[in-house]
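This structure is a prediction, so every number in the text was calculated from the model and none was measured.
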Amino acid sequence: MKSSAFLFLALAACAQQQRPVVLTPVRMETVSDTPAVRVFDTQRDDPFATTNRIDWPGPNRYRSANGAPGPDYWQQRADYTIAATLDTSTTELTGSVEIRYTNNSPDTLRYVWVQMDQNLYRTGSKGSALFPADSRWGVRGFEGGYNLRDVRVNGASATPRINDTMMRLDLASPLVPRGGKATISIRYSFKVPEHGSDRMGRDSALYEIAQWFPRMAVYDDVRGWNTDPYLGQGEFYLEYGDVDYAVTVPAGYVVAGSGVLQNPEDVLTSEQRRRLATASRSSDVVQVITQAEAAAAKTQLKSGTRTWRFRARNVHDVAWAGAPDFRWDATSWNGILAQAYYEFPKAGKAWEHAAEQTQWTIRQYSELFFPYPWPQATSVAGPVGGMEYPMFVMVHYGNDDQASIFGTINHEHGHEWFPMIVGSNERRYAWMDEGINTYINAFATEARYAGQSAFPLYRKNWGDAVANGTQSPLMTAPDNIDPTALGAIGYRKPALVLLTLRNQVVGPSFFDAAFREYIRNWAFKHPTPGDFFRSVENSTGEDLSWFWRSFFYTTDVLDIGIDSVSTRTSEGQTFARISLHRFTSVPFPVRLRVAYADGTTQDFSFPVNIWARSNRFDAVIPVRGNVVGVRLWPDPSVPDWNPSNDTWGKAPTTKAIGPVTR
């Protein structure tokens with residue numbers, strides 16, 4: 001028997017019954033002659049493409065046919081206790097981690113895999129060979145990687161087996177199903193790269209530290225152990241749990257991090273603690289550390305060290321940053337502390353607005369999509385251009401314009417929903433992380449800047465990849481996407497595709513309900529693409545096989561045009577025959593606007609299944625006067641890539657691209 005994955009893709013080859021958003025009574029005629037379809041760009045022969053078996057698991061007891069977790073859904077748990085010391089004289093971090101791992105699966109595990117992302121910086125790593133050394137994801141000539149000094153499982157010494165950025169530990173006593181536990185302890189150290197390599201680094205005395213401790217790889221019901229190496233782009237697929245961590249830094253340093261500071265009395269003055277308490281109850285921005293205090297701290301060096309302790313609950317990672325001259329602003333909303341740490345004036349005057357921008361972002365996405373579940377959100381200015389972790393994001397330096405940092409703050413904190421809350425596999429599916437996040441960014445951008453639309457940027461970015469021939473299917477793993485097209489394929493195309501699905505195919509109310517339900521169902525869990533696809537289909541009541549195939553599994557683009565328009569009168573009723581032509585493999589529900597000689601217009605809609613038997617379609621529609629012009633897509637946000645064939649005659653004008661907000 002074929003799996004449901006292959007069955008679904010077989011169905012995708014045929015246009016299925018599709019309900020139009022607006023149904024106008026029409027008479028439809030199909031043209032029998034079918035010339036060869038011009039394909040703009042065919043799907044690449046990609047030997048590394050993830051298989052459909054992975055994309056569409058189930059339905060089964062673990063993952064239901066309606067896209068929700070099944071009654072027997074399970075996932076592993078990993079809790080961490082970490083102690084680390086940063087030696088700024090040697091630029092080295094030394095640490096120890098205890099991992100308490102719980103096997104909730106129905107399987108007996110005789111070995112486990114651990115992520116060792118710092119090994120990206122080792123000479124000969126897969127990632128160092130994949131990207132030029134001076135690129136955004138390159139290692140920039142830096143020699144680093146983990147140095148392990150002691151690895152133990154349940155107290156007994158264990159011999160690690162290193163495979164690039166992954167480590168296998170064989171277990172003396174297998175982990176039994178449904179509750180077996182193991183304690184893994186590791187002592188380690190690594191060098192911190194200068195100016196970073198897109199994920200972590202240092203700039204003079206400022207350190208931004210991420211991917212800084214060995215983390216458990218995911219064992220799931222779809223692939224078993226997920227051992228995709230860390231190559232520099234796709235980062236996240238991790239198990240949820242609680243993390244308690246302590247970082248020891250030079251005594252004059254201020255540390256910002258994921259989670260909640262546990263020992264403010266040890267590291268903050270009484271006045272700073274008072275200000276922080278005020279900020280936690282105020283919607284106004286409070287300076288926890290003022291500019292004068294930050295400037296003085298940089299020159300008044302202190303001897304010795306100080307330890308900052310943090311606790312983060314129900315997260316799959318943590319990160320932190322430290323500097324002696326951080327200015328620290330804070331405010332709050334709905335009990336959530338929003339913070340900004342930055343060096344001034346180096347970070348730019350725009351950073352004086354960063355705490356408010358962080359607060360605004362958390363409120364915006366909480367109200368639109370799903371309540372923010374953690375007690376704080378932190379933004380840090382530094383050398384890393386933009387990177388996200390639970391409750392903590394790194395953002396580039398700005399200038400005097402608030403907008404210079406808002407877009408990045410908003411985008412990076414959008415990641416708190418994807419993939420920090422909804423824990424998808426970014427190492428395989430960039431669109432489930434970056435793409436969906438860029439989709440929700442469109443709503444925030446328009447809410448922040450009235451009248452500004454995200455459509456033009458999204459479409460241009462995707463269009464550049466189309467024109468340059470650098471496209472790959474959305475299902476392509478991020479590290480296999482052409483680096484020059486990552487912004488298009490990982491971010492903007494999936495965002496535009498989802499906006500198109502929402503606004504042009506199923507309708508905003510149906511899609512918004514489906515999207516929120518998807519977040520609720522998969523919060524702190526691990527969805528696959530198939531889970532998302534099924535969630536949308538079940539909630540909206542639409543078979544969208546054609547849509548997933550066209551926009552996620554191929555690189556073809558939408559191009560439907562008007563071949564001709566004629567009119568005739570029968571029994572006192574005038575009919576217009578509008579001959580439509582689909583020039584690519586992508587079907588789409590058609591909307592067109594007819595212009596009459598008296599200056600009025602009338603809109604008509606046709607369902608996607610008009611393309612089921614041919615790439616040509618004649619619609620015979622009753623009209624109320626002399627037709628002088630026709631235009632496809634009265635709403636210009638439909639991503640038809642060849643506007644030259646979208647009009648006939650004296651076509652009615654199209655409206656400007658409008659907002660996508662509710």
Side-chain angles (χ1 to χ4, degrees), residues 82-89 93 202-209 243-312 318-333 335-347 349 351-359 374-382 391-395:
I82 312 163
T85 298
L86 176 64
D87 187 335
T88 56
S89 64
L93 185 140
R202 56 188 172 86
D203 182 9
S204 187
L206 168 61
Y207 285 74
E208 293 181 313
I209 306 297
V243 182
D244 288 274
Y245 66 102
V247 293
T248 300
V249 294
Y253 268 59
V254 172
V255 175
S258 300
V260 177
L261 179 64
Q262 298 298 294
N263 62 331
E265 66 282 354
D266 296 334
V267 294
L268 303 179
T269 67
S270 59
E271 177 61 19
Q272 289 167 348
R273 296 197 300 272
R274 185 195 66 78
R275 296 169 184 165
L276 186 60
T278 299
S280 68
R281 301 185 299 269
S282 173
S283 59
D284 296 327
V285 175
V286 176
Q287 294 183 16
V288 179
I289 295 180
T290 67
Q291 174 57 29
E293 292 168 338
K298 189 172 184 178
T299 59
Q300 299 171 2
L301 301 180
K302 298 180 180 179
S303 61
T305 60
R306 183 173 290 169
T307 299
W308 296 64
R309 303 181 186 280
F310 295 86
R311 177 172 295 164
V318 292
W320 56 277
D325 57 339
F326 268 149
R327 180 169 165 178
W328 180 359
D329 297 340
T331 180
S332 63
W333 169 79
I336 300 164
L337 187 67
Q339 307 177 100
Y341 297 76
Y342 54 100
E343 296 172 313
F344 188 83
K346 183 176 184 178
K349 194 171 180 62
W351 269 89
E352 294 182 330
H353 304 275
E356 181 275 327
Q357 292 176 354
T358 301
Q359 176 215 63
W374 295 298
Q376 69 95 356
T378 293
S379 303
V380 176
M391 293 177 266
F392 179 92
V393 305
M394 305 172 186
V395 179

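Each side-chain hydrogen bond (donor to acceptor under 3.5 Å, both in side chains) pair with one or both residues in residues 257-268, not counting sequence neighbours, appears once here: Asn263-Asp266. The side-chain hydrogen bond (donor to acceptor under 3.5 Å, both in side chains) pairs that include a residue from residues 280-291 are Thr290-Glu293, where partners are two or more places apart or lie in different chains. Listed by first and then second residue, the ring pair (Phe, Tyr, Trp, His ring centres under 6.0 Å) pairs involving residues 263-311 are Tyr245-Phe310 (not counting sequence neighbours).
Minimum heavy-atom separation, Ala330 to Leu337: CB-CD1, 4.1 Å. The two residues Thr307 and Val267 have their closest heavy-atom pair at O-CG1, 3.4 Å. Residues Gly382 and Glu208 approach most closely at CA-OE2, 3.5 Å, considering heavy atoms. Minimum heavy-atom separation, Ala338 to Thr358: CB-CG2, 3.9 Å. Here the closest heavy-atom approach between residue Ala377 and residue Ile336 is recorded as N-CG2, 4.5 Å. For Ala294 against Ile289, the heavy-atom pair with the smallest separation is N-CG2, 4.0 Å.
With sequence neighbours excluded, the residues satisfying salt bridge (charged side-chain N to carboxylate O under 4.0 Å, His left out) with Glu356 are Arg448. Among residues two or more places apart in sequence or in another chain, the side-chain contact (heavy atoms from CB on, under 4.5 Å) test is passed with Pro345 by none. For the ring-ring contact (aromatic ring centres under 6.0 Å, His included) test, residues two or more places apart in sequence or in another chain that qualify with Tyr341 are Phe326, Trp328. Remark: Asp325 pairs with no residue by the side-chain hydrogen bond (donor to acceptor under 3.5 Å, both in side chains) rule, at least two apart or across chains. For the side-chain hydrogen bond (donor to acceptor under 3.5 Å, both in side chains) test, no residue two or more places apart in sequence or in another chain qualifies with Ser332. Residues satisfying the salt bridge (charged side-chain N to carboxylate O under 4.0 Å, His left out) criterion with Lys346, sequence neighbours excluded, are Asp203. Take Ala205 and apply the side-chain contact (heavy atoms from CB on, under 4.5 Å) test, not counting sequence neighbours, and it matches Tyr253, Pro324. Scored by the side-chain hydrogen bond (donor to acceptor under 3.5 Å, both in side chains) test, Trp320 finds no partners at all (sequence neighbours excluded). Under the side-chain hydrogen bond (donor to acceptor under 3.5 Å, both in side chains) criterion, Glu271 pairs with Arg274, Arg275, not counting sequence neighbours.
With values rounded to the nearest 0.5 angstrom, Thr248 atom OG1 is found 11.5 Å from Asp87 atom CG. Leu93 CG to Thr85 OG1: the interatomic distance, rounded to the nearest 0.5 Å, is 7.5 Å. Put simply, CZ on Arg273 and CG on Leu261 are 10.5 Å apart, with the number rounded to the nearest 0.5 Å.
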_Chi angles and distances behind the side-chain contact (heavy atoms from CB on, under 4.5 Å) call for Arg202, Thr88_ = CA-CA 10 Å; Arg202 56 188 172 86; Thr88 56; over 6 Å; no

_Using side-chain contact (heavy atoms from CB on, under 4.5 Å), reason through Val243 and Ile82 one step at a time and then give a plain yes or no._
CA-CA 8 Å; Val243 182; Ile82 312 163; 3.9 Å; yes

*List the steps and the verdict of side-chain contact (heavy atoms from CB on, under 4.5 Å) for Val260 and Arg311.*
CA-CA 5 Å; Val260 177; Arg311 177 172 295 164; 5.5 Å; no

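In this structure, Val318 and Phe392 have side chains that are not in contact, with every pair of non-hydrogen atoms separated by 4.5 Å or more. Proximity of Trp351 to Val395: side-chain heavy atoms (C-beta onward) are separated by under 4.5 Å at one or more points.
Using a 3.5 Å distance cut-off with no hydrogens or angles, the side chains of Arg327 and Tyr342 do pair a donor with an acceptor.
When atom types are taken as modelled, the side chain of Gln376 and the backbone of Gly257 share a donor-acceptor pair closer than 3.5 angstrom.
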